[in-house]
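The first residue of the sequence shown is numbered 1, and numbering continues consecutively from there.
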Amino acid sequence: MTTPFDDAAHTAPLDADDGAAARLMRSPPAKKLSEILTELAADPSRERITLGELKEALQGRAFGALMLIFAFPNILPSPPGLAGVLGLPLVFLSSMMMAGRPPWLPLFIANRSMPRGSFAAVFDRAAPWVARAERMLRHRLAFLTWGPSQQVLGAVCLLLSILLMLPVPFANMAPSIAICLIALGVLERDGVWVIAGLIASAGATIWVLALGYALIKSAIFVFLNAF
């Protein structure tokens with residue numbers, strides 16, 4: 001299974017404590033996500049872009065942006081097994097979020113990279129969706145997006161990430177949508193989108209558990225009737 005990001009030939013400094021990022025959690029973002037990604041895609045000094053560099057560029061917004069980047073592909077038609085590949089970084093990120101720690105990725109994930117041209121091509125396809133979402137996002141009910149509230153959201157996203165990785169057919173889209181809604185809310189400090197994400201999370205959990213139950217019951221029925 002391959003993903004858009006390949007192993008980088010170099011490492012990125014990822015373990016430094018980003019105190020400035022922590023201080024940015026409560027304040028509205030200075031730049032929109034689309035602006036940051038456009039700058040990265042247009043930077044001629046970069047031959048490749050690693051996930052670690054992307055995290056550093058996003059600073060205090062890395063939780064929302066990276067979770068959105070890893071969750072969104074699962075909403076679209078994708079090859080089997082992709083949910084498991086993209087779900088692992090979501091588990092790491094949501095665990096850090098739940099623990100109240102700055103965003104962190106292990107080196108084997110953070111050093112994944114893609115050519116800048118390919119990054120720009122992917123972003124060009126995603127740009128209309130990002131721009132449409134940004135027009136609807138507002139800085140409101142921001143207390144739901146940082147501090148203890150963000151730790152609760154981390155726990156919810158951890159559960160959704162685990163559900164996303166389960167080998168249950170047709171089950172990965174619902175958790176991905178819920179994570180994307182929460183991620184967008186955290187990204188732009190919009191508590192209304194966080195609330196929508198929490199509602200979607202409840203629905204996604206019920207949906208995945210129902211599909212899992214139906215799958216187990218079907219497997220038991222086939223087994224009992226086969227012997």
Visitor: Applying side chain to side chain contact (heavy atoms under 4.5 Å, CB included), run through F70 and L93 and close with a yes or a no.
Guide: CA-CA 10 Å; F70 285 119; L93 288 167; 4.0 Å; yes
Visitor: Got a salt bridge between D190 and R140, using NZ or NE/NH1/NH2 to carboxylate O under 4.0 Å?
Guide: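 Looking at R140 together with D190, the answer is yes, because their closest N to O distance falls below 4.0 Å.
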Visitor: Write down the atom of L160, the atom of P175, and the distance for their closest heavy-atom approach.
Guide: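 Distance-wise, the nearest heavy atoms are O-CB, 3.6 Å.
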Visitor: Counting C-beta onward and ignoring hydrogens, is there a side-chain heavy-atom pair between Q150 and L144 closer than 4.5 Å?
Guide: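 Answer no - side chains too far apart.
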Visitor: Would you give the length of the straight line joining atom OG of S161 to atom CE of M67, rounded to the nearest 0.5 angstrom?
Guide: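 Spacing of OG (S161) from CE (M67) equals 5.5 Å.
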Visitor: Output the distance between atom CD1 (I216) and atom CG (L211), rounded to the nearest 0.5 Å.
Guide: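 If I round to the nearest 0.5 Å, the distance is 11.0 Å.
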Visitor: Check this for me, if you would: do R46 and E53 make a salt bridge, where the nitrogen-to-carboxylate-oxygen distance has to be below 4.0 angstrom?
Guide: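 Between E53 and R46 there is a salt bridge, with a charged N closer than 4.0 Å to a carboxylate O.
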Visitor: Does any part of the side chain of T205, heavy atoms only, come nearer than 4.5 Å to the side chain of W207, both counted from C-beta?
Guide: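 With C-beta onward as the side chain, the pair stays apart.
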Visitor: For the backbone of M98 and the side chain of R101, can you confirm whether one donor and one acceptor N or O come within less than 3.5 Å of each other?
Guide: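 No; zero donor-acceptor contacts below 3.5 Å.
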Visitor: Could you go through C157 and L90, starting from their C-alpha distance and side-chain angles, then the distance that decides it, and tell me whether this counts as side chain to side chain contact (heavy atoms under 4.5 Å, CB included)?
Guide: CA-CA 8 Å; C157 288; L90 287 170; over 6 Å; no
Visitor: At their closest point, which heavy atom of C180 faces which heavy atom of A71, and how far apart are they?
Guide: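 Looking at all heavy atoms of both residues, the shortest contact is SG-CB, 3.8 Å.
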Visitor: Does the side chain of P89 reach to within under 4.5 Å of the side chain of L66, using non-hydrogen atoms?
Guide: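 No - every pair of side-chain heavy atoms lies 4.5 Å or more apart.
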Visitor: Shared ILVMFWY cluster between I177 and L209, side chains joined below 4.5 angstrom?
Guide: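 No, no single cluster joins them.
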Visitor: Which atom pair, heavy atoms only, marks the closest approach of G185 to T145?
Guide: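 Looking at all heavy atoms of both residues, the closest pair is O-CG2, 3.6 Å.
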Visitor: Carefully, step by step, assess E188 and W193 under the rule side chain to side chain contact (heavy atoms under 4.5 Å, CB included).
Guide: CA-CA 9 Å; E188 296 292 337; W193 280 63; over 6 Å; no
Visitor: Please find the pair of heavy atoms, one from L164 and one from S176, that lie closest to each other, and give the distance.
Guide: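 What the structure gives for the nearest pair is CD1-OG, 3.2 Å.
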Visitor: For the pair M165 and V91, evaluate side chain to side chain contact (heavy atoms under 4.5 Å, CB included) and give the outcome as yes or no after the intermediate values.
Guide: CA-CA 10 Å; M165 296 176 66; V91 168; 3.7 Å; yes
Visitor: To check you understand the geometry: which heavy-atom pair defines the closest contact between R138 and R135, and what is its length?
Guide: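 In this case the closest contact between R138 and R135 is NH1-O, 2.5 Å.
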Visitor: Rounded at 0.5 Å granularity, tell me how far CG in L181 sits from CD1 in I195.
Guide: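 CD1 of I195 is found 12.0 Å from CG of L181.
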Visitor: What's the spacing between L159 CG and S94 OG if we round to 0.5 Å?
Guide: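 So the gap between those two atoms works out to 9.5 Å.
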Visitor: If you round to the nearest 0.5 Å, how far is CZ of F170 from CG of L215?
Guide: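 One finds 11.0 Å between CG of L215 and CZ of F170.
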Visitor: With rounding to the nearest 0.5 Å, note down the distance linking CG in L68 to CD1 in I179.
Guide: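 So the CG of L68 and the CD1 of I179 are separated by 10.5 Å.
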Visitor: Are the side chains of N172 and V208 in touch, meaning some heavy atoms are under 4.5 Å apart?
Guide: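 Side chain of N172 against side chain of V208, heavy atoms only: no contact under 4.5 Å found.
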Visitor: Any chain of hydrophobic side-chain contacts (each under 4.5 Å) joining M173 to I206?
Guide: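 No, no single cluster joins them.
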Visitor: According to a hydrophobic-cluster definition based on side-chain heavy atoms being under 4.5 Å apart (Ile, Leu, Val, Met, Phe, Trp, Tyr only), do V192 and F143 belong together?
Guide: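 Yes, V192 and F143 fall within the same hydrophobic cluster.
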Visitor: Looking at P44 and A42, what are the two nearest heavy atoms and their distance?
Guide: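 So the two residues come closest at CD-O, 3.0 Å.
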